[in-house]
Participant: 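Structure provided below as structure tokens; questions to follow.
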Amino acid sequence: MDYPGNLFVVAAPSGAGKSSLVKALLELDSHVKPSVSHTTRPPRGQEINGREYFFVSPAEFDAMVKADGFVEWAEVHGHRYGTSRQAIAQRMQEGSDVVLEIDFQGAVSIKQLFANAVSIFILPPSWEELRSRLERRGEDAAATIELRLKNAALEVAQVDRFDFVIINDSFDRALFDLKAIVHAQRLKLAAQRRARAGIFAALNIS
Ligand code: 5GP
């Protein structure tokens with residue numbers, strides 16, 4: 001599937017800092033837009049329906065799967081999450097660069113569907129640091145933290161399927177890296193041809 005903007009897919013084990021990095025990128029770069037996923041997980045803390053996620057019941061999620069409403073969906077930590085065709089199509093029609101903050105299974109599916117997609121994997125600097133970030137976050141019960149760490153070991157083993165890797169030992173450095181990837185992608189010949197077709201035509205470059 002071809003698409004005029006750039007599509008970035010960011011995956012990471014939970015606690016690696018993915019959400020904070022993507023949030024900072026979105027604040028700094030108004031040309032990058034998020035795609036809001038659907039999930040069967042209940043809202044946490046200050047989350048608002050339609051902003052972080054569309055929160056739906058398992059039956060509603062099933063109905064969307066049946067109606068082929070998702071470009072990809074996956075079960076993560078016991079809940080289902082999916083990127084709806086509508087969410088991604090809307091961003092694409094706007095011509096925006098889109099960032100998908102999804103799990104590694106979703107990232108792999110998106111890479112197969114969208115030839116232009118750029119996949120980025122965020123790694124923690126160590127297992128000790130990942131554990132202490134999950135504990136400090138205080139969002140999850142001890143058993144959930146153990147489950148997330150167990151899943152993290154499986155997730156990091158998938159890193160070789162990704163185009164770029166960021167090691168999040170310092171937030172500022174990792175954000176710099178993420179911005180650099182986005183910027184470099186925009187300068188690729190194919191991306192420039194898509195985004196600046198008029199200039200290429202005026203320069204008689206076929
Ligand atoms: P959380 O419950 O912490 O918000 O998210 C759990 C995991 O699900 C994270 O890795 C998050 O990126 C991932 N996720 C969120 N939305 C989607 C989606 O639409 N598709 C897939 N495959 N994963 C998602």
Side-chain angles (χ1 to χ4, degrees), residues 7-26 32-58 60-65 67-92 98-114 117-124 130-131 133-141 143-159 161-162 164-166 168 174 178:
L7 180 59
F8 300 97
V9 192
V10 184
S14 61
K18 175 176 62 170
S19 302
S20 312
L21 283 168
V22 169
K23 189 164 173 264
L25 174 72
L26 293 170
V32 183
K33 305 279 188 210
S35 161
V36 180
S37 295
H38 284 64
T39 183
T40 57
R41 142 167 110 56
R44 276 197 301 247
Q46 307 294 308
E47 288 179 337
I48 292 175
N49 187 43
R51 189 178 67 183
E52 282 80 9
Y53 287 106
F54 293 106
F55 296 98
V56 293
S57 66
E60 286 170 315
F61 200 96
D62 282 343
M64 283 185 71
V65 171
D68 197 25
F70 291 116
V71 280
E72 65 75 34
W73 69 269
E75 185 163 333
V76 190
H77 311 311
H79 296 289
R80 285 179 293 163
Y81 298 81
T83 308
S84 78
R85 287 189 191 281
Q86 202 186 356
I88 205 162
Q90 185 195 337
R91 294 303 193 201
M92 290 181 170
V98 181
V99 64
L100 300 181
E101 191 195 326
I102 59 180
D103 89 311
F104 79 89
Q105 307 166 77
V108 170
S109 307
I110 293 287
K111 275 291 284 184
Q112 285 163 355
L113 278 170
F114 297 94
V118 176
S119 59
I120 305 162
F121 199 86
I122 298 171
L123 285 176
L130 188 66
R131 175 182 287 278
R133 283 182 194 172
L134 287 171
E135 288 170 354
R136 272 201 308 270
R137 202 159 79 167
E139 274 173 1
D140 301 306
T144 308
I145 291 181
E146 292 313 317
L147 176 65
R148 287 183 182 244
L149 284 167
K150 208 171 119 215
N151 287 342
L154 302 173
E155 287 161 24
V156 299
Q158 303 295 323
V159 70
R161 294 170 168 236
F162 284 72
F164 291 95
V165 176
I166 295 174
N168 186 9
L178 183 57

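Only this structure's heavy atoms are used, side chains among them; waters, hydrogens and symmetry mates stay out. In listed order, ligands and their atoms are each counted from 1. Residues take their numbers from the sequence shown, with the count starting at 1.
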Participant: Any N or O of Glu47 that comes nearer than 3.5 Å to an N or O of ligand 1?
Facilitator: no
Participant: Tell me, which protein residue and heavy-atom name are nearest atom 5 (O) of ligand 1, and how many Å apart are they?
Facilitator: Tyr53 OH, 3.3 Å
Participant: Measuring from the heavy atoms of Gln105, does anything fall under 4.0 Å of ligand 1?
Facilitator: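 It does not, in that no heavy atom of Gln105 comes within the 4.0 Å cut-off of ligand 1.
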Participant: Would you call Gly82 a ligand 1 contact, heavy-atom distance under 4.0 Å?
Facilitator: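 Yes, Gly82 has heavy atoms under 4.0 Å from ligand 1.
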Participant: Would His38 count as a contact of ligand 1 if the rule is a heavy atom under 4.0 Å away?
Facilitator: no
Participant: With a sphere of 6.0 Å drawn around CZ of Arg51, does it hold more than 12 non-hydrogen atoms of other residues, nucleotides or ligands?
Facilitator: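 More than 12 within 6.0 Å, yes.
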Participant: Heavy-atom contact under 4.0 Å between Arg44 and ligand 1?
Facilitator: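 Judged by the 4.0 Å heavy-atom criterion, Arg44 does count as contacting ligand 1.
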Participant: Specify the protein heavy atom at minimum distance from atom 20 (N) of ligand 1: its residue, its atom name, and the distance to 0.1 Å.
Facilitator: Glu72 OE2, 2.7 Å
Participant: Can you list the atoms of ligand 1 that are under 4.0 Å from a heavy atom of Arg41?
Facilitator: 1 (P), 2 (O), 4 (O)
Participant: Do Glu135 and Arg131 pass the salt bridge (Lys or Arg N to Asp or Glu O under 4.0 Å) test, and can you show the C-alpha distance, the side-chain angles, and the key distance before you say yes or no?
Facilitator: CA-CA 6 Å; Glu135 288 170 354; Arg131 175 182 287 278; 3.7 Å; yes
Participant: Set out, in order, the CA-CA distance, both residues' side-chain angles and the distance that settles side chain to side chain donor-acceptor pair (under 3.5 Å) for Ser109 and Gln112, then state yes or no.
Facilitator: CA-CA 5 Å; Ser109 307; Gln112 285 163 355; 5.2 Å; no
Participant: Which of the numbered atoms in ligand 1 are under 4.0 angstrom from any heavy atom belonging to Glu101?
Facilitator: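 Within the 4.0 Å cut-off of Glu101, ligand 1 contributes 12 (O), 14 (N), 15 (C), 16 (N).
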Participant: Under 3.5 Å, is there a donor on one side chain and an acceptor on the other for Ser14 and Arg148?
Facilitator: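 Indeed, the side chains of Ser14 and Arg148 share at least one donor-acceptor pair under 3.5 Å.
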Participant: Determine, step by step, whether Phe162 and Phe104 satisfy the ring-ring contact (aromatic ring centres under 6.0 Å, His included) criterion, reporting the C-alpha distance in whole Å, the side-chain angles of both residues, the deciding distance to 0.1 Å, and the verdict.
Facilitator: CA-CA 9 Å; Phe162 284 72; Phe104 79 89; 7.7 Å; no
Participant: Mark up the atoms of ligand 1 that fall under 4.0 Å of a heavy atom belonging to Gly106, in ascending order.
Facilitator: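 In order of number, 22 (N).
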Participant: Check the pair Arg41 / Glu52 against salt bridge (Lys or Arg N to Asp or Glu O under 4.0 Å), numbers first and verdict last.
Facilitator: CA-CA 12 Å; Arg41 142 167 110 56; Glu52 282 80 9; over 6 Å; no
Participant: Please list the nearest protein heavy atom to atom 7 (C) of ligand 1 with its residue and the distance rounded to 0.1 Å.
Facilitator: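 Ranking protein heavy atoms by distance from atom 7 (C) of ligand 1, first comes Val76 CG1, 3.7 Å.
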Participant: Which atoms of ligand 1 are found less than 4.0 Å from any heavy atom of Ala74?
Facilitator: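 Near Ala74, meaning under 4.0 Å from one of its heavy atoms, ligand 1 has 22 (N).
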Participant: Is a donor on one side and an acceptor on the other found under 3.5 Å between the side chain of Arg91 and the backbone of Pro34?
Facilitator: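 Yes.
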Participant: Name the closest protein heavy atom to atom 19 (O) of ligand 1, giving the residue it belongs to and the distance to 0.1 Å.
Facilitator: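 Here the nearest protein heavy atom works out to Ser37 OG, 2.6 Å.
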Participant: Could you check atom 12 (O) of ligand 1 against the protein and tell me its nearest heavy-atom contact, residue, atom and distance included?
Facilitator: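 Going by distance alone, atom 12 (O) of ligand 1 is nearest to Lys18 NZ, 2.5 Å.
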Participant: Which residue and non-hydrogen atom of the protein lie closest to atom 13 (C) of ligand 1, and at what distance in Å?
Facilitator: Asp103 N, 3.7 Å
Participant: Is there a donor-acceptor pair under 3.5 Å between the side chain of Lys111 and the backbone N or O of Val9?
Facilitator: no
Participant: Are the side chains of Thr83 and Leu100 in touch, meaning some heavy atoms are under 4.5 Å apart?
Facilitator: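 In short, these two side chains touch, coming nearer than 4.5 Å.
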Participant: How about CD on Gln86, more than 12 heavy atoms from neighbouring residues, nucleotides or ligands closer than 6.0 Å, or not?
Facilitator: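 For Gln86, atom CD is not crowded (no more than 12 foreign heavy atoms under 6.0 Å).
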